[in-house]
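See structure below.
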Protein chains: 2
Amino acid sequence: MRKKDESKNGAIYESTVQLVLEKGLAGVTMCDISKAAGIATGTLYIYFSNKEALMNKVFNICRKESASFYLNDYSPLDPFDVGFRKIFNNIVTYRLQHFEKFIFLEQCYHSPFITEDVRKDSLKYLNPIFDLLQKGKDDHIIKDLDDALLLGYIIGSVNEVIKKAHYGNKSLDHKKIAQLYQLCYDGILA
Amino acid sequence: MRKKDESKNGAIYESTVQLVLEKGLAGVTMCDISKAAGIATGTLYIYFSNKEALMNKVFNICRKESASFYLNDYSPLDPFDVGFRKIFNNIVTYRLQHFEKFIFLEQCYHSPFITEDVRKDSLKYLNPIFDLLQKGKDDHIIKDLDDALLLGYIIGSVNEVIKKAHYGNKSLDHKKIAQLYQLCYDGILA
DNA sequence: AAGTAAAATGAATAAATATTCATTAATTTT
DNA sequence: AAAATTAATGAATATTTATTCATTTTACTT
């Protein structure tokens, strides 16, 4: 029997994410996706039973990929400040290098395509980051605040600054990123 | 001749914003909106020439309303710390009291419904805030950084924390808001 | 109170989009 | 190399949704 061309999975995934960046979640059709992926529309339905399943799958892949990216080069044995800097830079770098995936994830968050339970277990991927924050609190380096508050504060400011820069056609050089780091770091310090 | 019932404008506006919160921008139909507003579908087209026009109008109203809300009780004569605290609290309060409008604005930002030029002149509404930041910089109270960076940092962290709290069903009490304020304020201090 | 002009209606139509399926192409097995 | 099996196709169909329009209702004018 003939095998599925597994490279198509990747092409569908890349196309979906790219098109959502260009046209928004509301504006992307199955036809658009198949054209961009270089396959027939019917073929999409061999790989995914419908549009909702496709979006959920792509959402899951992006989510896992991003969470894993955040931990690049990080070790739980790193001292707090070293670990924090690594993870912060990874979060920024992921958003700059994979802007389309970053936006896709943001768009999905409020979409009817993404089912409740898929959305819910998002947090578990971030456990190593919560552990790092706990270490910082235990060592009295950072403020003893709720994890969600601390992480939301960091992630939110990074998201907004990167989006603003992108849509305002402003470059985000190393200097600006270092400044953003300093803003965030000074904020969390005890 | 018969007059247009101006209250319908408001009903359409409220319904649209509420439905986008519930179903996402991608999931809202003209039929949904008319039903929720208590009017016939055809009537929508008396008030707005099409869906895109409707969304742009609602977007504009929300945008203006929010920007004006941010300046409640604020005077350009306020000392930096007083003014900053007022505006920060207004930004938070708007998002909590008008969560559906906050989400609508966020959703629109990446939507094909909102035309480029409508999106572009968003910044002008925020001029008083930029002036306040300038004062803080001139007085050497806060870091001398780019306006977009400073505001993005503040707005982004507020957005994310409020969204996380809402979707995680966690309450955001006065204590947490004060802690978020402290994070942001400590971050920008020179 | 009759005339009239615009508002409002909602069923009908048009347009866009998701999904199916009969057919063809490719790959593996025997 | 023929048979078997699944992948791939894309035109056709089904479905959903935007938009129109013939008709009715409402409120103002004379």
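A, B, ... follow the sequence lines: proteins, then strands. Residue 1 opens every chain. In this text, all values refer to a predicted model and were calculated from it rather than measured experimentally.
By the side-chain hydrogen bond (donor to acceptor under 3.5 Å, both in side chains) test, B/Ser7 is found to be paired with B/Asp5, residues two or more places apart in sequence or in another chain being considered. With sequence neighbours excluded, no residue forms a ring-ring contact (aromatic ring centres under 6.0 Å, His included) with B/Phe104.
Between the CD atom of A/Glu52 and the P atom of C/dT17 there is a distance of 19 Å, rounded to whole Å. Following rounding to the nearest Å, A/Met55 (CE) and C/dA18 (C1') show an atom-to-atom distance of 12 Å. Atom CG in B/Leu19 sits about 12 Å away from atom P in D/dA18, given to the nearest Å. Rounded to an integer number of Å, the gap from CG of B/Leu44 to P of C/dA7 is 15 Å. Between the CG atom of B/Asn50 and the P atom of C/dA16 there is a distance of 13 Å, given to the nearest Å. Here the C1' atom of nucleotide C/dA7 and the NZ atom of B/Lys8 are 8 Å apart, to the nearest Å. Rounded to an integer number of Å, the gap from OH of A/Tyr45 to C1' of D/dA14 is 11 Å. Per the geometry, CD1 belonging to A/Ile46 stands 15 Å off P belonging to C/dA22, to the nearest Å.
With salt bridges taken as basic N to acidic carboxylate O contacts below 4.0 Å, one links B/Asp186 and A/Lys143. At a threshold of 4.0 Å, the pair B/Lys137-B/Asp147 counts as salt-bridged, since one of the basic side-chain nitrogens sits closer than that to a carboxylate oxygen.
In this structure, CZ on A/Phe99 lies 8.0 Å from CD1 on A/Ile162, to the nearest 0.5 angstrom.
Taking the six-membered ring for Trp, A/Tyr94 and A/Phe102 have ring centres at least 6.0 Å apart.
In the set C/dG10, D/dT19, D/dA8, C/dG10 carries the atom at the smallest distance from any side-chain atom of B/Ala40. Here C/dT19 is the nucleotide among C/dT19, C/dA8, D/dT19 with the atom lying nearest to any side-chain atom of A/Lys51.
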Quiz prompt | A/Asp78 and A/Lys135: CA distance, side-chain angles, deciding distance, salt bridge (charged side-chain N to carboxylate O under 4.0 Å, His left out) verdict | solution = CA-CA 10 Å; A/Asp78 285 335; A/Lys135 181 159 67 181; over 6 Å; no
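Among the atoms of the strands shown, none is found under 4.0 Å from any heavy atom of A/Phe48.
OP1 or OP2 of C/dA8 sits under 4.0 Å from a side-chain N or O of B/Tyr47. An OP1 or OP2 oxygen of C/dT9 is reached within less than 4.0 angstrom by a side-chain nitrogen or oxygen of B/Thr43.
Interface residues of residues 28-39 of chain B facing DNA chain C, ordered by number: B/Ile39; criterion, heavy-atom separation under 4.0 Å.
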